[in-house]
Amino acid sequence: MTGADERRELVVGIDPSRNWHLSLAWAADEAHRRGLELRLVVAVPPLHDTHPRDDSPRRASLLQAGSNALQEGAGWVRARHPQLQPTTSLLDGYPAAVIGGLSGRARMVVLGSRHLSRTAEYLSAGSLVVPVTAQARCPVVVVGDAEHVSQQPTYLVVGIDGSEFSKAALGLAFEEADLRGAALRAVSVWQPPIFALHDERDAVQAQRRMLSETTAGWSLKYPDVHLTHEVPTGHPVEELASASEHALAVVVGRRGRGGYTGMRLGSVVHGLLHRAHCPVITVPLLGGRTADCRDR
């Protein structure tokens with residue numbers, strides 16, 4: 001896999017059948033902030049039809065729609081950021097597989113969201129968000145709602161549970177906050193167990209220590225980022241969604257401490273993809289290791 005420092009491209013998936021302006025705006029702004037190349041991608045899947053008839057006109061129509069969307073999107077990006085010269089790719093294949101493959105050389109992948117329920121997301125023929133987020137080899141941004149830039153001061157939220165994935169998310173969250181001149185709220189949710197084996201006050205204090213230890217050193221690397229620590233009590237999805245209600249974005253690791261080792265996508269990420277009212281940035285273990293402020 002290409003090293004993060006060598007990845008100079010941001011990939012955004014375009015769905016010609018839906019409004020792509022929100023996700024493309026996020027991608028164009030991010031490419032502009034980071035000085036990255038921007039690639040717009042439309043993937044046209046093979047047609048499956050049991051009727052013995054020629055589907056070539058139908059496929060030609062899909063290809064033309066994809067080409068038109070790419071052309072319109074590229075022009076829209078140039079109008080928004082004249083210095084950006086986006087490239088376009090009209091590719092054959094299932095969108096999830098195509099974009100997942102491109103993630104191996106991308107700095108970031110950006111997708112739009114239809115806010116489907118979990119069941120609909122899994123069963124939809126056009127399901128893209130969950131499989132790409134679960135398997136991508138770079139951070140994935142799902143833009144279902146706009147950034148809340150009217151909230152002053154602007155801020156991002158990062159979920160921390162002490163896992164290696166959440167440590168990787170913390171590194172990207174600091175980068176994003178620094179690039180935007182925004183504050184960063186580090187949130188570690190304590191979820192009371194069904195059967196309490198320890199004193200709640202001690203458990204919350206342990207959670208606070210973990211949060212302090214995990215974030216230690218990052219403020220030295222990013223002195224302009226105002227960092228706050230929060231340890232709310234409740235369900236992680238509910239508390240993170242609430243904390244990020246007016247945020248620019250919420251950043252989380254792809255998997256946390258819960259679940260089993262074979263899971264590719266954690267339950268908190270699943271929940272946030274359907275509940276958060278701001279862009280959700282999901283971070284894998286980049287290069288197979290944890291992001292560390294000393295490595296940057």
With the side chain counted from C-beta on, respond yes when [X] and [Y] share a heavy-atom pair under 4.5 Å apart, and no when they do not.
X: Leu285; Y: Phe165; value: yes
X: Pro232; Y: Val187; value: yes
X: Met108; Y: Arg7; value: no
X: Val268; Y: Asp161; value: no
X: Trp20; Y: Val12; value: no
X: Val44; Y: Arg59; value: yes
X: Val110; Y: Val143; value: yes
X: Asp29; Y: Arg80; value: yes

Looking only at heavy atoms, which two atoms of [X] and [Y] are closest? And how far apart?
X: Ala74; Y: Leu40; answer: N-CD2, 3.6 Å
X: Val225; Y: Ala177; answer: CG1-CB, 3.8 Å
X: Ile281; Y: Pro139; answer: CG2-CB, 4.5 Å
X: Ala247; Y: Cys278; answer: O-CB, 3.5 Å
X: His229; Y: Leu211; answer: CB-CD2, 3.6 Å

Hey, is the main chain of [Y] close enough, under 3.5 Å, to the side chain of [X] for a donor-acceptor pair?
X: Ser103; Y: Gly100; value: yes
X: Gln207; Y: Val189; value: yes
X: Arg8; Y: Gly35; value: yes
X: Ser61; Y: Pro57; value: no
X: Arg105; Y: Glu9; value: no
X: Arg185; Y: Ala243; value: yes
X: Ser163; Y: Ser166; value: yes

Legend entry - Non-neighbouring partners of Gln85 that pass side chain to side chain donor-acceptor pair (under 3.5 Å), sequence neighbours left out: none
Give, for atom [atom1] of [X] and atom [atom2] of [Y], the distance between the pair rounded to the nearest 0.5 Å.
X: Ile99; Y: Arg39; atom1: CD1; atom2: CZ; answer: 12.0 Å
X: Tyr155; Y: His226; atom1: OH; atom2: NE2; answer: 12.5 Å
X: Asp178; Y: Leu156; atom1: CG; atom2: CG; answer: 11.0 Å
X: Glu30; Y: Arg107; atom1: CD; atom2: CZ; answer: 9.5 Å
X: Phe174; Y: Tyr222; atom1: CZ; atom2: OH; answer: 8.5 Å

Legend entry - Lys/Arg-Asp/Glu bridge criterion (N-O < 4.0 Å) met for Glu176, Arg34: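 Yes, charged N to carboxylate O under 4.0 Å.
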Legend entry - Sole residue of Thr214, Val251, Val283 in side-chain contact (heavy atoms from CB on, under 4.5 Å) with Leu170: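 Filter result, single survivor: Thr214.
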